[in-house]
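One-based numbering, in listed order, for ligands and for the atoms of each.
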Amino acid sequence: MLPSLIRKRTVFFTLLSLPGLFVLASIYAPSFNSWQFRDIQNFLGNIAMFLLIFVLSLTPLIQLFPRWRLAQALNTHRRSIGISCYIYASLHLLCYIISLPSSASILQDFQEFLYLQLGLAAFILLTPLFLTSNSYSVRVFGYKPWKILHRLAYIAAIAVFLHRSLGEEIQLFQTLLIFFPLFLLESLRILKNLFGLFKKKGSAPPPVIRKPRPKPAWEGYRDFRVARKEPNPGEICSFYLEPVDGQPLPPFLPGQYLTFKFEVPGQAKPVLRCYSLSDAPAQDHYRISVKLQRAPRDVPTAAPGISSTHLHATVQEGDILQVKAPAGKFTLEENVRKIALVSSGVGITPMLSMLYHRINQGLRDGDEIWFFHGARTRGGHFTAEELEKIADKNPQLQIRVCYSRPTEGEKQIKQDFQIGRLGAGFIRTHLPSKDYDFYICGPNAMMAEVVRGLEDWEIAPERIHFEAFGPSSVKRTRPLPKSASEEPTCTVTFAQSQKELEWTGEQENLLELGEAAGLTLPFGCRSGVCGACKQEIASGEVEYDSAPAADPGEHACLLCQAKPKGDLILKA
Ligand SMILES: Cc1cc2nc3c(=O)[nH]c(=O)nc-3n(C[C@H](O)[C@H](O)[C@H](O)COP(=O)(O)OP(=O)(O)OC[C@H]3O[C@@H](n4cnc5c(N)ncnc54)[C@H](O)[C@@H]3O)c2cc1C
Ligand code: FES
């Protein structure tokens with residue numbers, strides 16, 4: 001309740017302006033209180049100091065209590081707090097200047113009193129921070145230099161501390177008490193970071209452990225009602241889905257997808273398709289965003305996409321859809337702090353889920369998110385404005401966009417994008433270092449180019465994650481490191497290819513096992529939906545973490561989902 005209230009700009013701006021209103025009331029309604037001019041000056045200075053302490057306390061607060069929603073809510077306003085601090089400090093200085101008879105006496109005062117020199121130093125240090133507290137400056141400077149510049153606030157705080165302690169009346173003890181919460185929070189933060197550092201140094205690097213796949217949140221299909229259908233730019237339509245049984249939804253991992261079974265009029269069989277979740281995990285609804293698939297340009301007479309057309313044209317609010325539990329391995333690692341989300345077209349959907357999740361968690365000091373996206377035009381860029389708004393509030397989020405065919409109007413109005421296709425070169429020019437985990441989703445050509453470019457840049461294979469929305473030709477040239485596994489080993493034979501391979505659990509499924517051994521095997525969705533990877537079993541048995549949507553039938557399996565139960569011979 002309180003965090004949601006605090007998040008509201010109107011509420012928070014009102015709170016920030018209250019001291020100013022109080023001062024106005026003191027000036028224009030003397031009966032309101034009996035303050036002298038000097039009292040007003042001191043009050044304004046104190047407010048500026050409190051706001052500076054407040055804004056500096058947010059970083060340790062968020063680091064120490066990353067899940068505290070109130071701290072997260074306050075953190076969304078850190079820019080406004082900083083700006084208000086500067087405005088109150090300016091008014092404090094102005095009052096001081098007005099209170100003196102001449103400019104000569106100002107000069108004399110500054111020469112004579114150390115506390116005044118310190119106050120002025122603090123004000124000067126805060127000036128560039130005030131001037132650069134906007135997204136434009138972050139873009140122009142680059143995030144890292146901008147952040148270094150804003151560390152001046154700490155030096156300004158020391159100057160303010162001394163300015164107040166050594167003022168006309170020495171107020172060391174009182175000032176110490178005022179600054180104590182900040183000292184305490186910063187000390188705890190430093191201790192926490194040091195402790196983490198020592199732990200890291202002392203222990204050997206952990207082995208790469210393959211996480212056990214979580215069990216599906218429910219078996220089979222569950223009925224969901226379309227609570228809202230929302231047309232979006234780029235021929236995308238979003239569907240907000242609520243469970244018909246009214247039970248709370250289990251959280252999913254950002255990046256996962258849902259599998260749907262549609263009864264499409266005119267289709268002999270149910271149509272199975274996957275759609276990524278395009279929102280942060282929530283208890284009451286899921287959201288998917290579906291691009292209308294028109295006939296390909298080189299086959300204009302082909303029928304448009306079956307399920308996307310069905311969803312856009314036929315499915316309406318109130319309709320019931322059959323949905324399998326969230327699944328997929330293309331998910332955001334929780335402990336990774338510096339990430340680059342790279343997408344093109346409707347490949348943006350899993351990235352949105354990852355981004356919103358991180359923003360909802362609250363970005364901590366040291367977190368960085370770079371959001372690279374490619375679209376044809378800005379008009380067709382799904383969530384363009386929403387992303388800009390989020391970036392405005394979160395300086396640790398950087399957005400870089402390429403439009404391949406912007407309209408003339410777009411070129412004239414906005415210049416903060418590159419004209420052309422999104423590629424590895426574009427990403428490399430913007431990132432300040434290689435120290436990121438990359439999550440990539442989009443058309444095959446873009447993904448292949450980006451993955452190759454990142455490999456050439458010597459990004460470790462385990463830091464490059466990608467997902468295709470259909471048959472994919474993207475291949476790693478450098479294999480992933482071997483992972484530890486507790487699964488028993490057995491032999492998998494690909495009979496036609498005359499390959500006998502050992503299953504040690506390093507790979508996720510039989511398709512990956514075959515590919516790692518250099519076999520070219522057919523596949524499509526890699527999600528157990530399309531059936532393209534189906535292979536006949538000559539002997540042995542397979543198992544699935546959860547039953548795939550497509551049914552391979554008897555004596556066959558879906559390579560993209562199956563694991564051997566023991567020695568296995570496939571006809572492939
Ligand atoms: C893990 C995963 C996540 C996904 N997430 C999303 C998402 O978030 N959003 C999203 O929009 N999609 C997503 N997809 C893709 C989605 O599952 C569907 O593949 C997509 O919507 C197309 O399905 P469709 O039934 O509309 O098209 P289909 O009927 O499968 O047709 C695909 C294309 O083939 C063309 N075609 C049809 N017949 C012919 C022919 N004879 N010759 C040549 N071309 C032909 C159609 O015009 C169409 O362009 C995801 C896929 C996967 C695997
Ligand atoms: S690749 Fe589609 S089911 Fe396996």
Applying a heavy-atom cut-off of 4.0 Å, say which part of [X] lies close to ligand 1: side chain, backbone, both or neither.
| X | result |
| --- | --- |
| R526 | neither |
| S289 | backbone |
| T349 | side chain |
| F469 | both |
| C274 | both |

If we count only N and O atoms by modelled type, under 3.5 Å, do the side chains of [X] and [Y] hold a donor and an acceptor together?
| X | Y | value |
| --- | --- | --- |
| N232 | E230 | yes |
| Y436 | E368 | yes |
| D279 | H285 | yes |
| S278 | R287 | yes |

Can you tell whether the side chains of [X] and [Y] come within less than 4.0 Å, N to carboxylate O?
| X | Y | result |
| --- | --- | --- |
| K563 | D545 | yes |
| D392 | K389 | no |
| R228 | E242 | no |
| R358 | E333 | no |

Determine the interplanar angle of the F260 and Y275 rings, folded into 0 to 90°, and report it as parallel if under 30°, tilted if 30 to 60°, perpendicular if over 60°.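 Answer is perpendicular, since the angle exceeds 60°.
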Measure up the H465 and Y439 rings against each other and bin them: parallel (under 30°), tilted (30 to 60°), perpendicular (over 60°). parallel
At less than 4.0 angstrom from any non-hydrogen atom of [X], what atoms of ligand 1 do you find?
| X | value |
| --- | --- |
| R294 | 47 (O), 48 (C), 49 (O) |
| S307 | 23 (O), 24 (P), 25 (O), 26 (O) |
| A295 | 47 (O) |
| Y257 | 1 (C) |

For [atom], the option (of [options]) bearing the nearest heavy atom:
| atom | options | result |
| --- | --- | --- |
| atom 47 (O) of ligand 1 | A302, A303, S278 | A303 |
| atom 23 (O) of ligand 1 | R273, E235, Q293 | R273 |
| atom 31 (O) of ligand 1 | S527, P350, G305 | G305 |

Testing E508, E467, E515 one by one against R526 for a salt bridge (Lys or Arg N to Asp or Glu O under 4.0 Å), which residue passes? E515
Among all the protein's non-hydrogen atoms, which is closest to [atom], and how far away is it?
| atom | answer |
| --- | --- |
| atom 11 (O) of ligand 1 | K291 N, 2.8 Å |
| atom 29 (O) of ligand 1 | I306 N, 2.9 Å |
| atom 35 (C) of ligand 1 | P296 CD, 3.8 Å |
| atom 21 (O) of ligand 1 | Y275 OH, 2.7 Å |
| atom 26 (O) of ligand 1 | S308 OG, 2.6 Å |
| atom 5 (N) of ligand 1 | S276 N, 3.0 Å |

Contact between I288 and ligand 1, counting heavy atoms under 4.0 Å?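 No; I288 lies far enough from ligand 1 that no heavy-atom distance drops under 4.0 Å.
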Hey, does G328 sit under 4.0 Å from ligand 1 if you only count heavy atoms? no
Under the 6.0 Å and 45° cation-pi test, does K261 pair with Y221?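 Output yes; distance and angle both within limits.
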Verify, without hydrogens or angle tests, whether Q256 (side chain) and L253 (backbone) share a donor-acceptor contact under 3.5 angstrom. yes
Excluding waters, which protein N, O or S atoms are within less than 2.8 Å of atom 4 (Fe) of ligand 2?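 Protein N/O/S atoms under 2.8 Å of atom 4 (Fe) of ligand 2: C533 SG, C560 SG.
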